[in-house]
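In what follows, every chain begins at residue 1, and chains take the letters A, B, ... in the order their sequences are listed.
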Amino acid sequence: MNSHLLSGLNPEQRAAVELPAQSALILAGAGSGKTRVLTTRIAYLISTGQVSPHGILAVTFTNKAAKEMVTRLSAMLPINTRGMWIGTFHGLCNRMLRAHFREANLPQTFQILDSGDQLSAIKRVMKALNVDDEKYPPREMQWFISGSKEQGLRAHEVEAYDPYTKRKVEVFAEYDAQCQREGVVDFSELLLRCYELLSRNTQLREHYQERFKHILVDEFQDTNPLQYRWLKLLAGKENALFAVGDDDQSIYAFRGANVGNMQELLRDFHVESVIKLEQNYRSHGNILEAANALIEHNRNRLGKNLWTSESGGEKLRVYEAPTDVDEAAFIVEEIQQLKREGVNLTEMALLYRSNAQSRVLEHALVSAGLSYRVYGGLRFFERQEIKHALAYLRLMENTDDDNALLRIINFPTRGIGARSLEQLQETARMNGTTLWDAAARAGGKVSAFVALIESLRSATKDLPLPEIMDHVLEHSGLVAHYESEKTSASKKREAEERLENLNELVNAATLFVHENEDDSLTAFLTHASLEAGEHQAGDSEDALHLMTVHAAKGLEFHTVFITGLEEGLFPHQNSQNVDGGLDEERRLMYVAITRARRRLYLTFAQSRMLHGKVNYGMASSFLRELPEELLLWLTPRVSARRTFGNSSYETSSYVAAFGGASAEPAPPPPGALWKMGQRVFHQKFGEGTVTGIEGGGADARVQVNFKHAGSKWLALEYAKLTAV
DNA sequence: TTGCTTCATCTTTTT
DNA sequence: GATGAAGCAA
């Protein structure tokens, strides 16, 4: 046995790797070597001859994690990982559905809808069914449909007692029927269809159960009910399910993840012992202690305490700025100082709760000449010009794809407008055919479009992928369209960038052909849907990282700035009305804290420009949940001022002391009668505390957290508030 | 049919 | 403040 595999593992990690062939739950804290354990476990099982690479099924959520696993595994073992079943839930389901497309009742070249495609498909269904989109916002409908599927429910299985829900179910059913007609599947359909395939087809199920003796799952706390059922089905009665996860890092409940799956796994698979990986190899002691103290405030935890053999290290630095602009200025100064001290920009991260916060930070960084990268923006295959180009390919591949047809029938413009389209859709509906069939029978400009697609198809029939791409870009008129836009001064740069991206698409095709055995058009289109592409081209330049806390999960940095720590922003306002919302926000904060290795800044501002309005907020309640002795206040302590002082806005003192940021303190808040933290009384809602003030003059509003009625925004013009 | 204007909206997100 | 959808004039 390769003893070197196990060297360097701590006793718990080692115990996890060497577990006998049985189901297990590994509670792996932040920075505890989770991925290492997972990959070493696979290598261990293979090298001890307990299973062949063929018998492993390893599942992750992101392509990045899957890739990482494959890379590490090939470094550990001299095996060919190509044929191994390591991938995302969606990727693996896709693979299975392609292999058994007939049994799954799908066309061989079925295409995958991303969320944007799905939304437009839903809008089409709603239009066809005459559903009022005021009463039923399409986004809500999308959420309803995907949410149901993620619970494993088909339209007819959804319980609908009221007319409102019944109507939604109708749309759901018709949407699925439309997808089936057009030969496309959405993301959750991939999983549900695969689940149904395995549960109905005994032969197939037994085949795969016989094969996958060891199933390993990463980030198990993020699984939704359908994913868990899928795993259970594959595991059957015999196979071992090895799940790694951390309930404290569950931050995706809002999109259907069910932490409860961890408890269910213990019960369903009769797991006797849970192994906890609590030794953290990332952060200094004070950072960990702060994280532990914070997460203690959550109920219903499986229970876990991170520790480190490192020293306490620095205290957490807390900074209160008068405004968001000052906050950014402070951060820039600290970054420059750290840079002088030799910390690379790549080793620093600016985290925020919502994307809107990045703008002010970016502005400050640009002015200071610091290079940075914003993570999580629009991704390559989601760009408009790329989607258009791919739609041509999709339609060539499958003329039933109405989504694709609608996207390009008049792009570039060929004089086919809304009225012609309406007629086309009417004809299709009357005859029960796809738009393509209707178009084929139409005349004029529409028939020219049909001829164009057909000529593209026949001209590229036997060409290799990159050449197909090239041909389509040229002859579809896309390139010419953007070339002509270059002459318009206002759109010049945009058009140039789009042309560059189209060019890059040909490169992507070339690369794809080199890297994949199956280099068919279908395979490439699937790749485009399932792997929207790394956010942007990853340059190795020394640049700062800007991202949301969600996006930071799994990463680590020498220095982390957690910004915008204000009540209403982090924890976010909208989480207050959600069951368990505050706990999830707290876990999010926990994730944020545990990203830092050596230094952690916690910053907030008294006033912030939000949606074009100035907002006045108070410090995040999470700050108060951190032990005072771990904090180093760079500005006068909030608790002292807010609790004992009479005025909430003694801004002058520290602006003088910590000048450098803009010299002006925040303007006094409007609605001078009301101050943050003030206790008030309302006729209807009773007693409460002021937690937010916004706007001025006639439309000034205050936010009051009522003892019994919860938190509400009240317009001062109407609400009669009295001081208590 | 197109291009311009106004208007509402504004957590988090991978596949 | 930025974005996208919807409405309206040319």
Is any side-chain N of the basic residue among A:Lys34 and A:Asp246 closer than 4.0 Å to the acidic one's carboxylate O?
-> no

Categorize [X] for me: base, sugar-phosphate, or nothing, with a 4.0 angstrom heavy-atom threshold over every strand shown.
X	result
A:Phe254	base
A:Tyr252	sugar-phosphate
A:Asn410	sugar-phosphate
A:Ser115	base

Round to a whole Å and report the spacing from [atom1] of [X] to [atom2] of [N].
X	N	atom1	atom2	result
A:Leu378	C:dT3	CG	P	11 Å
A:Glu134	B:dC7	CD	C1'	13 Å
A:Lys64	B:dT15	NZ	P	10 Å

Which residues satisfy the salt bridge (Lys or Arg N to Asp or Glu O under 4.0 Å) test with A:Glu625, sequence neighbours excluded?
->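 With sequence neighbours excluded, A:Glu625 shows a salt bridge (Lys or Arg N to Asp or Glu O under 4.0 Å) to A:Arg586, given in chain and number order.
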
Report the residues that fulfil salt bridge (Lys or Arg N to Asp or Glu O under 4.0 Å) with A:Glu150, sequence neighbours left out, ordered by chain and then residue number.
-> none

Specify the residue among A:Ala551 and A:Arg414 whose closest nucleotide of DNA chain B lies further upstream toward the 5′ end.
->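 The answer here is A:Arg414.
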
Between A:Ala356 and A:Leu530, who's closer to the 5' end of DNA chain B by nearest nucleotide?
-> A:Ala356

Parallel, tilted or perpendicular: ring planes of A:His545 versus A:Phe557, cut at 30 and 60 degrees |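 Tilted: the ring planes of A:His545 and A:Phe557 meet at 30° to 60°.
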
Which nucleotide in the list C:dA5, B:dT14, B:dT13 gets nearest to the side chain of A:Thr548?
-> B:dT13

